[in-house]
Structure formats: C-alpha cells, structure tokens
Amino acid sequence: MVQVQKVAIIGLGLIGGSLGLALLKRGLAETVVGIPRRAETIDEALALGAITKGTLTLVDGVRNADLVFICTPIPLIIPTLNEILPHLKKGAVVTDVGSTKGWIMEEVEKLNLDGVSFFGGHPMAGKEKTGVLQAEANLFLNRPYVLVKPPKFNLLALNALKKIITGIGGKIMEIDAQSHDLAVAAISHLPIMVAASLVNAVNDMELVRNHARQLASTGFFDTTRVASGDPKLGLDIFCTNTESVLEVLAKFKQEIEVFEKALKERDEVQIVNKLAEAKKFRDEIYS
Ligand code: NAP
C-alpha cells in the first residue's frame with residue numbers, strides 16, 4: 001500500500017539504490033526520484049527499477065518531496081541538507097543513512113529547519129561492494145535500522161518515517177547519537193581496523209604471504225571480510241567517529257595484551273578462560 005507519494009533519494013549507491021528498490025518493490029512510494037552524481041547512475045537505477053525518475057539537479061529532485069533520504073558519503077550529508085533545506089516543502093521529512101551519527105546530529109541542531117523534520121538514520125545493513133548495481137530490495141529485511149531523534153521533534157513525522165522503515169523490513173532501534181557511535185565503534189568500525197591490520201600483517205611477512213594465498217580458507221575469510229570494504233567509506237567513518245573508535249581501540253589493546261601475557265607465561269587457564277568468555281558472549285549475540 002502506498003505510504004508516501006514522493007520520495008527523493010540523494011546518493012544512489014548501495015544504500016540509496018536499495019532503499020529505492022525496497023520502496024518500489026513493496027509499493028510503499030508512488031514516485032521515487034533519484035539524485036546521484038553521475039548520469040550513468042540514473043540509467044543504471046532506472047534499469048534496475050530502483051527509481052521512477054532521476055535528475056542530477058538537487059533542487060529539482062527534492063521539490064515537493066514528502067520524504068528525503070540523504071545517502072551520500074558521510075562528509076556530504078550536512079552540506080547536502082543545507083543546500084536542499086530552502087527548497088523543501090513544509091512538513092517534509094528528511095533522514096540520512098550515514099554510518100556515524102554524533103557530528104551529524106550536532107550540525108543539524110545548528111540549522112533552522114523551518115517546518116521540516118530531520119531524523120538521523122543508520123541501516124545496520126550493507127556489504128563490501130558499493131554502487132547502485134549492488135543494490136538489493138531485501139537489504140534491510142530483518143536488519144536493525146537505527147533512528148536518532150533530535151531534542152525536539154514532530155511525533156507525526158517520526159511515526160510516518162517509522163512506518164516506511166518497518167515497511168522495507170527494518171527493525172527500528174531508537175538510540176541517542178553518542179551511544180550509537182560508541183556501540184558501532186566497537187561492533188562495526190574497530191572490526192574494520194582490526195581486519196585490515198590482520199591482512200596487512202599477513203601481507204607484510206613474505207613467507208606467510210606466499211602460503212596464505214593457498215592456505216587461507218573460511219576462517220580467514222570470515223575474520224577479514226570487512227577489510228574488503230570501500231577504503232574511502234572507512235576513512236569517513238574513522239574521521240567522523242574518532243573518539244569512540246580510539247576509546248574501544250584502547251580496550252581492545254588491553255584484551256590483546258592479556259592474551260599476549262598469558263601466551264608468554266604459558267598461562268593455559270587464562271587462555272582458555274578468555275576464549276570461553278568470548279565464545280559465550282558471541283554465541284549469545286548470534287543465537
Ligand atoms: P556508494 O554505493 O558508494 O554510493 C554513494 C552515492 O553517492 C552514489 O550514488 C554516488 O553517485 C554519490 N556520490 C558519491 N560521491 C559524491 C559526490 N562527491 N557528490 C555527489 N554525490 C556523490 O555508497 P554507500 O555504500 O551506498 O554509502 C552511502 C552512505 O550509506 C554513506 O553515508 C555510508 O556511511 C552509509 N552506509 C553504508 C553502508 C555500507 O555497508 N556500504 C551501510 C550503512 C550505511 P554516483 O553513483 O553517481 O557516483
């Protein structure tokens with residue numbers, strides 16, 4: 001059932017394209033206008049069925065939109081919001097999908113939204129490959145979808161957005177920006193750094209590197225999957241969530257040092273305890 005007449009999606013890559021596909025495949029939006037950077041992306045998105053129209057002009061794309069998703073790289077989210085604000089209709093709802101939320105919500109606080117509602121968003125769904133050709137209608141299905149409310153907000157606007165997110169299969173989690181950023185620093189951002197460091201360590205040891213190509217199997221694949229992500233997205237994440245990443249990195253280093261010490265001292269009890277403690281919590285998370 002159509003929930004919203006006109007949706008504008010700015011940034012039509014993996015996430016923006018998947019939102020368009022999810023909205024149109026489920027009949028939740030009448031019109032989805034896509035606004036990427038390059039004309040080829042419009043053609044690809046139209047061919048996929050991720051949008052009903054495309055334009056390279058922001059102002060044209062967002063005119064009369066009821067709902068706007070900003071799905072650009074993180075540093076462009078606030079400049080984009082600033083640029084579209086004067087052209088949005090009163091009552092429009094804007095949300096973003098950026099992987100970090102603290103600085104975005106801080107910057108939004110400084111803006112005069114003038115009848116427009118903004119909610120921070122972060123779908124906890126994705127993959128290592130980017131671009132609209134990677135988009136999937138079911139990317140958000142049964143995945144957590146974070147929503148961050150500003151201190152003052154319009155409840156009707158929030159509920160309208162929640163209906164859309166639920167409609168595309170997302171499991172809404174409302175959380176404040178700081179808690180979000182610390183939690184994702186631990187479960188999403190630090191793992192990128194750890195995976196990249198592990199791969200680089202292997203690559204840096206000549207003998208290991210040569211054998212790794214033949215020996216590496218599922219364990220190494222699972223442990224390092226996120227190292228194959230887009231380096232530019234990783235940079236944006238680290239640069240906009242620096243304090244939280246450094247906080248969890250300090251904790252992680254302590255944990256590694258416990259292992260190192262136990263191994264040097266042949267403290268078998270400590271090694272087993274640490275592995276058992278980790279197994280228990282991980283099994284709980286994914287049970
Ligand atoms: P993506 O596939 O690389 O898509 C980025 C989109 O933004 C493309 O449509 C691109 O246009 C456009 N764009 C790139 N640079 C631009 C520029 N300088 N000016 C204007 N438009 C530009 O990226 P994505 O993975 O969808 O990520 C988009 C957002 O989602 C990011 O904020 C990220 O933090 C967030 N996010 C990503 C994931 C993930 O797993 N990838 C998960 C959750 C949230 P063209 O295609 O025309 O070049």
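Start at 1 with the first residue, then count along the sequence.
In this structure, E268 places its CD atom where only 12 or fewer heavy-atom neighbours from other residues, nucleotides or ligands lie under 6.0 Å away. Counting heavy atoms of neighbouring residues, nucleotides and ligands inside a 6.0 Å radius, atom CD of E107 exceeds 12 of them.
The distance from the CG atom of N241 to the CH2 atom of W103 is 12.0 Å, given to the nearest 0.5 Å. Here CD1 of I15 is found 15.0 Å from CD1 of I70. Values are rounded to the nearest 0.5 Å. Between the OG atom in S244 and the CG atom in L182 there is a gap of 5.0 Å [rounded to 0.5 Å]. The CD1 atom of I237 sits 5.5 Å away from the OG atom of S188 when rounded to the nearest 0.5 Å. Interatomic distance, CG of L158 versus NZ of K163, reported as 13.0 Å (0.5 Å rounding). To the nearest 0.5 angstrom, L139 atom CG is 5.5 Å from L14 atom CG.
Nearest heavy-atom pair, L12 versus V132, reported as atom, atom and distance to 0.1 Å: O-CB, 3.1 Å. When every heavy atom of H189 is checked against every heavy atom of F238, the shortest pair comes out as O-CE2, 3.4 Å. Across all their heavy atoms, A92 and A65 have their closest contact at CB-O, 3.6 Å. Residue G61 comes nearest to A8 through the heavy atom pair O-CB, 3.7 Å, listed as atom of the first residue, atom of the second, then distance. For the residue pair I164 and F69, the shortest heavy atom distance occurs at CG2-CZ, 4.2 Å. Shortest non-hydrogen contact noted between P191 and A186 is CD-O, 3.3 Å.
Considering only heavy atoms from C-beta on, K274 comes within 4.5 Å of E255 through its side chain. Two residues are said to be in side-chain contact when any heavy atoms from C-beta on lie closer than 4.5 Å; M105 and E109 fail this criterion. Side-chain atoms of V2 and V4, non-hydrogen and from C-beta on, never get closer than 4.5 Å to each other. Counting only heavy atoms from C-beta outward, the side chains of D236 and P75 approach each other to under 4.5 Å. Residues V194 and T223 have side chains not in contact (no heavy-atom distance under 4.5 Å, counting atoms from C-beta outward). The side-chain heavy atoms of Y145 and V97, taken from C-beta on, include a pair separated by under 4.5 Å.
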Which pairs would a plain distance check flag for residues 120-129, meaning a side-chain donor or acceptor within less than 3.5 Å of a matching protein atom at least two apart in sequence or in another chain?
from: H122; atom 1: ND1; to: H180; atom 2: NE2; distance (Å): 2.8
from: K127; atom 1: NZ; to: Q134; atom 2: O; distance (Å): 2.9
from: K127; atom 1: NZ; to: Q134; atom 2: OE1; distance (Å): 3.4
from: K127; atom 1: NZ; to: E136; atom 2: OE2; distance (Å): 2.6
from: E128; atom 1: OE1; to: R225; atom 2: NH1; distance (Å): 2.8
from: E128; atom 1: OE2; to: R225; atom 2: NH1; distance (Å): 3.0

List, one per line, each side-chain donor-acceptor pair under 3.5 Å for residues 27-50, sequence neighbours excluded.
from: R38; atom 1: NH2; to: T41; atom 2: OG1; distance (Å): 3.2

Mind listing the side-chain donor-acceptor pairs of residues 206-220 below 3.5 Å, one per line with the distance, residues two or more places apart or on another chain?
from: R209; atom 1: NH1; to: N203; atom 2: O; distance (Å): 2.5
from: N210; atom 1: ND2; to: E206; atom 2: O; distance (Å): 3.3

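A donor-acceptor pair is defined here as one N or O able to donate and one able to accept, closer than 3.5 Å; such a pair exists between the side chain of T55 and the backbone of T57. Side-chain atoms of K6 come within 3.5 Å of backbone atoms of R63 as a donor-acceptor pair (strictly under, hydrogens ignored).
Under the salt bridge (charged side-chain N to carboxylate O under 4.0 Å, His left out) criterion, D181 pairs with no residue, sequence neighbours left out. Applying the salt bridge (charged side-chain N to carboxylate O under 4.0 Å, His left out) test to D230 and every residue at least two apart in sequence or in another chain returns nothing. For E257, the salt bridge (charged side-chain N to carboxylate O under 4.0 Å, His left out) test picks out no residue, with sequence neighbours left out. K89 meets the salt bridge (charged side-chain N to carboxylate O under 4.0 Å, His left out) test with D66; sequence neighbours excluded. Partners of A157 according to the side chain to side chain contact (heavy atoms under 4.5 Å, CB included) rule, which considers only residues two or more places apart in sequence or in another chain, are V93, S117, F119, N154. With sequence neighbours excluded, the residues that form a side chain to side chain contact (heavy atoms under 4.5 Å, CB included) with D114 are K90, N112.
Hydrophobic cluster membership of I271, counting Ile, Leu, Val, Met, Phe, Trp and Tyr whose side-chain heavy atoms lie under 4.5 Å apart directly or via other members: F259, L263, L275. Taking a 4.5 Å side-chain heavy-atom cut-off between Ile, Leu, Val, Met, Phe, Trp and Tyr, the cluster of Y286 extends to F281, I285.
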Q | Steps toward side-chain contact (heavy atoms from CB on, under 4.5 Å) verdict (L147, M173) | A | CA-CA 6 Å; L147 285 180; M173 177 178 177; over 6 Å; no
**Q.** From CA spacing to verdict: salt bridge (Lys or Arg N to Asp or Glu O under 4.0 Å), K110, E106
**A.** CA-CA 7 Å; K110 297 175 194 163; E106 269 170 36; 5.8 Å; no
Q: Given side-chain contact (heavy atoms from CB on, under 4.5 Å), test T95 with V68 step by step and report yes or no.
A: CA-CA 6 Å; T95 185; V68 180; over 6 Å; no
Q | Derivation and outcome, salt bridge (Lys or Arg N to Asp or Glu O under 4.0 Å), residues D96 and K101 | A | CA-CA 9 Å; D96 75 302; K101 297 272 64 83; 2.8 Å; yes
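Applying the salt bridge (Lys or Arg N to Asp or Glu O under 4.0 Å) rule to pairs touching residues 141-157 yields K149-E174, sequence neighbours excluded.
Under the 4.0 Å criterion applied to side-chain N and carboxylate O atoms, K264 and E260 are assigned as salt-bridge partners. For the pair E284 and K280, the salt-bridge criterion is met [side-chain N within less than 4.0 Å of a carboxylate O].
The hydrophobic cluster containing I84 also contains I74, counting ILVMFWY residues as joined when their side-chain heavy atoms lie under 4.5 angstrom apart, directly or transitively. There is a path of hydrophobic side-chain contacts, each under 4.5 Å, that joins L155 to L161.
Remark: the S179 side chain and the D176 side chain contain an N/O donor-acceptor pair separated by less than 3.5 Å.
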